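Here is the structure we will look at, set down as structure tokens.
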Amino acid sequence: MAPAPFPKRFDFREAEPRISQRWLDDRVFEAARAPDGSVRDPVRAEAEPFVILIPPPNITGRLHMGHALNDTVQDVLTRFFRMDGRDALWVPGTDHAGIATQTVVKKQLDAEGIDYRELGREKTIERIWEWRNKYGDAIIEQLRKIGCSCDWSRTRFTMDDGLNRAVRRAFVSLYERGLIYRGKRIVNWCPVDRTALSDDEVEKEDEKGKMYHLRYPLESDPNRHLVVATTRPETMFGDVAVAVHPDDDRYRDLVGKNAILPLMNEPIPIIADTHADPEKGTGVVKITPAHDPNDFEVGQRHDLPQVDVMNEDATLNDRVPVAYRGLDRYVARKKLLEQLEEEGLLEKVEDHILAIGRSYRSKVPIEFRLSDQWFVKMEPLARQALEANGYEETEDGWVRKDPSAGVAFHPERFERVYLHWLANIRDWCISRQIWWGHRIPAWHHRETGEILVSEEVPDRVQQEPEAWSQDEDVLDTWFSSWLWPLSVFGWPESTPDLERYYPTSVLSTAKDIIFFWVARMNFAGLAFSERLPYRHVYLHSTIADERGVTMSKSKGNGIDPLTLIEGATLDELKRPVLEARPSNMKELLRRIEKNFPDGFEAVGADAMRWTLVYSITEGEHVRLALSRFLEGRSFVTKLWNGAGRVITALEREPAGGDPAPLTEEDRWLLARLDSTIRDVRSGIDTFDFGRIAHALYPFVWNDFCSWALELSKPRLDGDDDAARRGALRALGSVLADTLRLLHPVVPFVTEELWSRLAPAMNRLGLWLDDVPQADLLAADRMPKPRTAPDPELEARFAILQRFVSAIRQLRAQYRIKDSERITVHFKPLHPAAQPMVEGRQDAVKFLAKLEGVEVVEGRSAGMAVQYDRDFELYLDLGRYIDLNDEVARLDKDIAKTEKEMSAAAAKLDNPNFVNKAPPDKVQQARDKLTEVEQRLKKLRESRAELAEAAGG
RNA sequence: GGGCGGGUAGCUCAGCUGGUUAGAGCGGCGGUCUUACACACCGUAGGUCGCAGGUUCGAAUCCUGUCCUGCCCACCA
């Protein structure tokens with residue numbers, strides 16, 4: 001039966017879904033043990049587990065490049081270790097994303113004309129669940145599309161029953177240990193979402209603003225006044241004091257007296273506190289404990305009242321003069337300033353750069369607001385984490401005594417970032433005033449205010465339901481995320497999964513999440529399991545565009561992974577820019593129109609993954625442009641074609657007959673493969689993913705395709721059955737290992753090629769070593785180096801490569817077309833030169849398009865020369881070109897060699913070098929000089945001779 | 001204010017435990033429809049390694065200072 005034709009290109013659109021389905025059908029991504037502990041794969045069930053948990057993407061999210069990068073990295077690791085025999089498990093899941101999700105559904109309700117507050121808590125939550133059940137798995141689908149090898153049977157959601165249970169257990173446990181408390185504190189308040197935010201949810205950026213200098217008259221002498229500087233004049237209604245520095249002589253006599261709060265006409269004390277900085281502003285600062293975290297502390301120290309002047313939505317409340325009530329904070333500010341101006345109490349206004357905190361979600365400036373919130377006391381948890389990572393507290397702070405202990409960060413430098421945060425930790429506000437999330441398991445007595453905290457509804461509440469009400473707040477989303485490594489495996493139950501797969505192996509994530517999530521997971525691991533949740537943390541760089549600007553939705557400069565997989569029209573390419581409306585919108589649009597006037601043709605998941613991995617460096621950014629993905633596509637195509645050449649040869653080879661032994665070039669290819677295997681393994685071990693791709697690329701493109709494949713063509717196309725089978729055995733086996741090495745990065749195309757390569761190799765029985773252990777490449781093994789490195793073999797082969805290159809250079813130099821077969825004369829200098837060239841005459845003739853090679857003692861007059869360390873090459877140029885051209889070329893060559901020689905000589909002229917450098921380096925330099933001198937001499941001789949021949 | 005990353009060919013980056021002539025990919029240029037691949041093949045040009053000092057026989061690589069750039073942290077009223 002004739003084999004099926006080999007397609008010209010990899011049809012990823014057709015193949016990707018088909019292959020995905022095949023992986024699912026064969027359940028290759030499932031761990032060796034099922035969650036109930038039963039064994040699915042007896043061999044792997046005894047192997048060491050390799051476990052990764054996905055950082056659960058938000059259910060509201062769509063896959064962006066950051067996910068694509070992170071999930072590709074995780075897939076590379078998971079697939080690699082699965083193939084390397086480990087019991088690999090990658091647990092997928094999603095995050096309920098409290099505020100984000102509620103906002104999405106709120107918008108939906110708004111569109112329907114429904115006010116969610118009127119709809120009520122229960123109905124709103126129902127609507128959110130409906131939304132989540134309909135759209136919440138979209139991102140999971142996208143993960144499948146890019147080839148992620150997650151164990152989908154273990155998919156989790158942070159609001160699942162089990163995870164909810166874990167959250168309640170964690171809360172109660174910490175509460176009982178005194179690590180959760182409730183208190184009135186200044187929190188970051190988002191007036192749009194009307195909820196508290198943790199410090200980490202606030203983005204601070206310098207913005208242009210104003211500094212207002214306000215006059216506060218003295219009670220004792222209303223004609224005199226103190227000038228306070230503020231950027232938030234509208235909070236003055238909540239002022240309860242003004243403070244000066246205790247050592248500030250300008251104001252010393254006023255301390256203890258009163259100032260009059262303008263507009264309110266209330267006396268407020270003038271106090272001395274070190275918070276007031278004499279260098280800043282006027283040295284006098286207004287104290288507003290309910291609206292500023294520092295003032296709050298000053299207030300505590302001086303036992304001052306806290307006057308909250310705002311409502312939840314940042315409008316002014318009834319504590320302010322009637323005219324201001326209900327006004328938005330910024331409207332009130334304007335009005336207030338006008339009034340102060342009129343009353344002569346506004347001394348001056350200056351431009352001022354200030355850091356404004358904005359909600360990471362609504363982007364609106366946060367308000368500092370005094371309210372009752374729940375907090376986790378972080379210091380004891382941080383201390384535990386520091387100790388677990390080998391730190392001890394000394395007089396100089398925390399010092400790492402055992403660098404191998406605890407979690408290893410990659411790149412290493414993030415260890416210090418982590419340390420710094422832990423050593424300066426602040427308490428974590430965990431309550432949020434929204435509905436979508438894990439409700440706080442606390443009940444308040446309506447009259448006494450007593451608080452009961454319990455995993456389930458407490459008996460006393462059940463007995464007297466009217467007397468109690470459950471806390472209205474829900475927990476910060478991260479309060480469920482930090483339990484992820486435990487909760488996905490069923491904690492607090494003691495489950496087989498927890499026993500076998502916890503702690504996990506590697507956590508891979510973006511570095512901006514190190515505080516939000518990584519550190520807190522460590523805390524939770526130690527607090528609830530007494531173990532850290534993973535051994536390694538890999539932090540990938542952030543994705544930036546071609547200009548080095550971080551990709552983000554709001555900047556409109558992102559690349560949608562689906563564009564790469566499905567393609568995009570010009571309009572589709574422009575859409576994110578038009579939606580974001582950034583300030584450089586026109587420029588971005590112009591760039592797109594110029595580069596992709598006809599849209600962007602899909603390149604497929606493999607090309608995307610390849611480009612991502614190839615682009616990874618340890619730097620701050622991974623810079624990507626859409627065009628970079630075309631390079632990935634080229635690589636996939638190259639692999640496809642090179643593999644296709646071997647596969648088609650295998651498929652038309654009749655079965656039976658022994659292969660010839662390995663040739664020198666076969667052994668060279670195997671040596672190059674070994675070296676690539678070492679690089680890939682080392683890249684995995686050191687989390688240097690870029691290195692993996694950078695090792696594979698030249699191996700596939702140069703070593704395999706350009707040299708091995710080309711060299712073997714005479715054997716492949718010849719009539720010598722044994723030689724042909726020998727070549728097929730070597731090429732087929734190396735290709736198989738190459739596909740294995742590539743598979744973690746480009747799973748689809750390798751799986752597709754495997755499906756034709758493996759059966760053909762099996763049929764012919766040409767495997768160099770063991771037959772594959774699986775039908776699917778994804779379940780096969782990862783190769784190990786076969787032999788020790790052999791530098792001499794590589795050196796011998798390099799002579800052959802240089803020999804061919806030398807002829808190609810001559811051809812290019814003199815425009816001798818490939819169709820003109822030439823005969824070269826060859827004088828070997830290195831003992832291996834002659835056998836290398838003569839041993840594969842056919843191949844060399846094919847590569848260099850030669851008529852023949854003649855070994856000679858020396859050159860004849862009038863012949864062009866290529867000098868190499870290990871051979872000389874002569875060509876009777878007169879037959880092909882004007883000799884004057886060759887003289888000119890030699891002049892250039894001589895100049896270059898002269899430079900080389902003087903550099904080498906200068907080194908040896910330096911007595912310091914000769915005396916102080918290690919002897920082997922000196923000898924090396926001497927050998928080098930001798931070699932260059934001889935080469936130069938010959939160049940000069942042949943130049944003189946040729947010049948004569950040309951002239952005569 | 002403190003800390004971190006980066007500044008090497010037109011672009012994106014390797015190299016940086018100091019030692020032959022600083023590399024790759026893309027792009028450029030010239031050539032080739034050579035029977036796997038024009039998403040290819042062959043050849044080729046292009047760099048005072050941010051700047052200034054220092055250590056050394058020898059510095060892209062180590063040290064000091066400095067400039068540019070990106071990021072993180074911190075109580076800038």
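A note on names: the letters A, B, ... follow the listed sequences, proteins ahead of strands, and every chain is numbered from 1. Because the structure is predicted, anything quoted here is derived from the model rather than measured.
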Item to check | A:Glu367 and A:Arg232: CA distance, side-chain angles, deciding distance, salt bridge (charged side-chain N to carboxylate O under 4.0 Å, His left out) verdict | outcome: CA-CA 11 Å; A:Glu367 189 58 51; A:Arg232 297 291 316 275; 3.0 Å; yes
Checklist entry - Is the distance from OP1 or OP2 of B:U44 to the nearest side-chain N or O of A:Gln809 less than 4.0 Å? => result yes
Checklist entry - What about A:Lys638: does its side chain form a donor-acceptor pair under 3.5 Å with the base of B:C37? => result yes
Checklist entry - Reckon A:Lys849 has a side-chain N or O less than 4.0 Å from the OP1 or OP2 of B:U34? => result no
Checklist entry - Does a side chain donor of either A:Arg628 or A:Ser615 reach within less than 3.5 Å of an acceptor in the other side chain? => result yes
Checklist entry - Are any of A:Arg9's side-chain N or O atoms less than 4.0 Å away from OP1 or OP2 of B:C37? => result no
Checklist entry - Can you check the A:Ile270 CD1 to B:A77 P distance for me, whole Å? => result 21 Å
Next on the checklist: For the C1' atoms, the ones on B:U8 and on B:C68, what distance do you get once it is rounded to whole angstrom?
Outcome noted: 16 Å
Item to check | Side-chain N or O of A:Thr617 closer than 4.0 Å to phosphate OP1/OP2 of B:A14 | outcome: yes
Checklist entry - On a whole-Å scale, what distance lies between the P atoms belonging to B:C39 and B:G15? => result 32 Å
Checklist entry - Going through the distances and angles, do A:Tyr697 and A:Phe635 end up as a ring pair (Phe, Tyr, Trp, His ring centres under 6.0 Å)? => result CA-CA 8 Å; A:Tyr697 186 99; A:Phe635 178 73; 5.4 Å; yes
Next on the checklist: Strictly below 4.0 Å: does A:Ser634 bring a side-chain N or O up to OP1 or OP2 of B:A40?
Outcome noted: yes
Next on the checklist: Is the phosphate of B:C75 approached by A:Arg426 (side-chain N or O, under 4.0 Å from OP1 or OP2)?
Outcome noted: yes
Checklist entry - To the nearest Å, how far apart are A:Asp688 CG and B:G15 C1'? => result 12 Å
Next on the checklist: Donor-acceptor check, side chain of A:Asn557 to backbone of A:Asp545, threshold 3.5 angstrom: yes or no?
Outcome noted: no
Next on the checklist: Counting the benzene-type ring for Trp, do A:Phe12 and A:Trp640 have ring centres under 6.0 Å apart?
Outcome noted: no
Checklist entry - Between A:Asp717 and A:Arg869, which is nearer to the 5' end of RNA chain B once each is assigned its nearest nucleotide? => result A:Arg869
Checklist entry - What nucleic acid atoms does A:Gly642 come within less than 4.0 Å of, heavy atoms only: base, sugar-phosphate, or nothing? => result base
Next on the checklist: With a 4.0 Å limit, can you tell me whether A:Arg623 has a side-chain N or O closer than that to the phosphate oxygens OP1/OP2 of B:C13?
Outcome noted: yes
